[in-house]
Amino acid sequence: RGQIFIGVTKAWLHASSGLCCFSFGTVYMSVSSPLVGVLLVGETQTSRGHVIGTAYLPTVSRSQTLKQLRDTLLPTLPTDFKEKPYLFLTPQGWKISRCLEESVLAADVLDQDTCVRIQVDYARPRIGIVAEWERSEGRDVPLGFVFCELSASLRDLATQIMQDLVPSYPVRSPAQFSFLDRNGWPIASGQEAHFAVLDVIGDHTVRIRYNRHPGDTPLTTSSIQRLSIIRPSTPPTTGRPRQLQGVPALEPAVGGEGGVTLGAGNKA
């Protein structure tokens, strides 16, 4: 998209003095590029998009509907993406359902960078789970995401979290975390059956708070990263494993957060 600036000169003659006076102005003529980028974006407003194709769409073709635009974009998409269902988004990030595509024009979804935004349409909504751990760290920890209907109860969502995410983290039961509503207020476990995912979700994200009890292992970012990365993939063997030269040995933590830590090697 470019602009042409044309200077305009207007002349007039002052009859009494015989002086010629001139005034200057500027006319802005917008030149729109016929090229349109296809931007694949995530669910959240802050997600980073990625251009996966470029389509030739001159101004006269932008009056076509989104249903027709699908056929125009198809040859420009990557081969492994052609079969994936997707939805168009407005420049504000609003999803446009398939039933509206015959009524919405291509020009209505072009953003200021001449891009068409699309988003993968999963069979069930994808919901990010963000947890509050030790407040002293000053930031929250994203645990991952689950697929869950927005009409499902929080109790069902808790079960989904336990099945899909908790095996990576030292949380043993749903009673160890509470859901937070949009005000940041914890929802008691006895209330979870009366609230749906739609009651607490914000920007495709559900926030939970870890309920630490006396004797529990403190959940900090460092401990979560260790437990996520250093997980045994095979049953433990008897005896001490052979240590590779130049690689620190894995030592059990003593008096710390628990779990596995990087030791300094063989102790004397």
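If you're wondering where the values come from, they're calculated on a predicted model, not measured in any experiment.
Interatomic distance, R126 CZ to T44 OG1, rounded to the nearest 0.5 Å: 9.0 Å. The OG atom of S189 sits 11.5 Å away from atom CG of L154, with the distance rounded to the nearest 0.5 Å. Remark: Y56 OH to T76 OG1 distance equals 15.0 Å, nearest 0.5 Å. Distance check, rounded to the nearest 0.5 Å: CG of D108 to CG of L69 gives 11.0 Å. Note that the CD atom of Q68 and the CG atom of L105 stand 9.0 Å from one another [nearest 0.5 Å]. Atoms CZ and CD1, on R207 and I129 in that order, are 11.5 Å from each other to the nearest 0.5 Å.
Looking at V109 and L89, their side chains never come closer than 4.5 Å, going by heavy atoms from C-beta outward. You'll find the side chain of R70 reaches within 4.5 Å of the side chain of R98, heavy atoms only. Residues I201 and L150 have side chains in contact (heavy-atom distance under 4.5 Å, counting atoms from C-beta outward). Looking at heavy atoms from C-beta onward, I161 lies in side-chain contact with F179 at the 4.5 angstrom threshold. Proximity of L57 to Q64: side-chain heavy atoms (C-beta onward) are separated by under 4.5 Å at one or more points. Between Y86 and V120 the shortest side-chain heavy-atom distance does not fall below 4.5 Å. Residues L77 and I52 are in side-chain contact: their nearest non-hydrogen atoms beyond the backbone lie under 4.5 Å apart. I127 places none of its side-chain heavy atoms less than 4.5 Å from the side chain of H204.
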Quiz item: Between I208 and L143, does a side chain to side chain contact (heavy atoms under 4.5 Å, CB included) hold up when you go through it step by step?
Solution: CA-CA 10 Å; I208 64 175; L143 299 184; 3.9 Å; yes
Self-check item: side chain to side chain contact (heavy atoms under 4.5 Å, CB included) between L40 and F81, worked out
Solution: CA-CA 11 Å; L40 179 64; F81 190 84; 3.9 Å; yes
Quiz item: Can V130 and V206 be said to form a side chain to side chain contact (heavy atoms under 4.5 Å, CB included), step by step?
Solution: CA-CA 6 Å; V130 175; V206 170; over 6 Å; no
Quiz item: Between L180 and V200, is a side chain to side chain contact (heavy atoms under 4.5 Å, CB included) present by the stated rule, with each step listed?
Solution: CA-CA 7 Å; L180 303 179; V200 299; over 6 Å; no
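No more than 12 heavy-atom neighbours from other residues, nucleotides or ligands sit within 6.0 angstrom of CD on E102. Sparse packing is recorded around CZ of R48, with 12 or fewer heavy atoms of other residues, nucleotides or ligands lying under 6.0 Å away. Atom NZ of K67 is surrounded by 12 or fewer heavy atoms from other residues, nucleotides or ligands within 6.0 Å.
Closest approach of F88 to E101, counting heavy atoms only: CD1-OE2, 3.7 Å. Considering every non-hydrogen atom in both E192 and A158, the closest pair reads OE1-CB, 4.3 Å. Considering every non-hydrogen atom in both A196 and S151, the closest pair reads CB-O, 3.9 Å. I187 approaches S178 most closely through the heavy-atom pair O-CB, 3.9 Å. When all heavy atoms of P186 and R209 are compared, the closest pair comes out as CG-NH1, 3.6 Å. Counting all heavy atoms, side chain and backbone alike, D199 lies closest to R182 at O-NH1, 3.2 Å.
A donor-acceptor pair shorter than 3.5 Å cannot be found between the side chains of T159 and D156.
Under 4.0 Å is where a charged nitrogen must lie from a carboxylate oxygen, and between E149 and R124 no such pair does.
A donor-acceptor pair is defined here as one N or O able to donate and one able to accept, closer than 3.5 Å; such a pair exists between the side chain of Q119 and the backbone of G42. The main-chain N or O of N183 is found under 3.5 Å from a side-chain atom of D181 such that the two form a donor-acceptor pair. Side chain of D111 to backbone of V116: no donor-acceptor contact under 3.5 angstrom is found.
When hydrophobic clusters are built by joining Ile, Leu, Val, Met, Phe, Trp and Tyr residues whose side-chain heavy atoms come closer than 4.5 Å, directly or via intermediates, L35 is not grouped with L39. Residues L87 and V38 do not share a hydrophobic cluster, defined by chaining ILVMFWY side chains whose heavy atoms lie under 4.5 Å apart. Residues V41 and V36 fall into different hydrophobic clusters, defined by Ile, Leu, Val, Met, Phe, Trp and Tyr side chains chained together at heavy-atom separations under 4.5 Å.
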